[in-house]
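Just follow the structure's listing: the first ligand is 1, and inside any ligand the first atom is 1.
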Amino acid sequence: MLGGRDVRKQIVAYLNERHKKLTRINNDPTRIYTDEASQCTRLSYYERVDPINSNSVELFQFLLTHGMRHSFENVESEYKTDNLTLVLTADTILEKELVVRMQITDSLPSSPKPQDLLYINACLYAFDKAEGILIYVRGDGKTSEFLVAKSAKMFEELIRRARVLSTLLKEKRVPIVEPSESCMTCKYYGRCYMMERKETSFSIESLFGKSKDESA
Ligand code: SF4
């Protein structure tokens, strides 16, 4: 609190407003942004149909990524297949050959994250290029880079995920839970993993044949 005002709450409310303005609203279920298909599709569904506000960490991460992407060319493309359009952007294309996509990260990974691989691979198809480079950037400027070659199998998987999301959006059905590490920091955790806290008489000691009373 500062001077009787909850400044933090005001800042988060302001950031949420900015987030809404900067995020492109897309109500057309036949147009799927590639990150909606590469990340958990249940998360993407909730973000379109029944979103909840983000916390300050998520908002700052979004703004940092948004700022970084707009420092580059941010080349947009669309990939059409049957009645589905996949929308995606590359940060830049070096020498008209190498697709570049950057990700801000807390810690540099030893191998690329699956959702980032799905994304950059889709870029290779949309821009008709053979290779791309995925660059992870930490706050102190340290980076790790991964060269990615085109994979038909990965692209089929991304299209499949985009189709599933598109169909479920049309039918107003929530996609299934996709358990992963990301769930631990996801704002929809409570919706996906509703838990009831119950008192239990279980104790570690009872596993070894000692009752709670005996071990006291
Ligand atoms: S908690 Fe996990 S399954 Fe649920 S929306 Fe978030 S990432 Fe998806």
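No donor-acceptor contact under 3.5 angstrom links the side chains of Y119 and Q39, judged on distance only.
Taking 4.0 Å as the cut-off between side-chain N and carboxylate O, K187 and E47 count as a salt-bridged pair. R161 has a carboxylate O that lies under 4.0 Å from a charged side-chain N of E178, or vice versa, which qualifies the two as a salt bridge. Salt-bridge formation is not detected for the pair D50/K172: no Lys NZ or Arg NE/NH1/NH2 atom is positioned less than 4.0 Å from an Asp or Glu carboxylate oxygen.
At the top of the distance list for atom 3 (S) of ligand 1, counting protein heavy atoms only, stands E178 N, 3.3 Å. For atom 2 (Fe) of ligand 1, the nearest protein heavy atom (residue, atom name, distance) is C183 SG, 2.3 Å. In terms of protein heavy-atom proximity, atom 4 (Fe) of ligand 1 is closest to C192 SG, 2.3 Å.
Shown in contact with Y189 at under 4.0 Å from a heavy atom are these atoms of ligand 1, numbered in order with element: 1 (S). Short contacts between ligand 1 and L43, defined as distances under 4.0 Å to a heavy atom of the residue, involve ligand atoms 5 (S).
Contact annotation: C186 places an N, O or S atom under 2.8 Å from atom 6 (Fe) of ligand 1. Among the atoms of C40, no N, O or S atom is found under 2.8 Å from atom 4 (Fe) of ligand 1.
Y188 does not carry R42 over the face of its six-membered ring by the limits of under 6.0 Å from the centre and within 45° of the normal.
Proximity of E17 to N53: side-chain heavy atoms (C-beta onward) are nowhere separated by under 4.5 Å.
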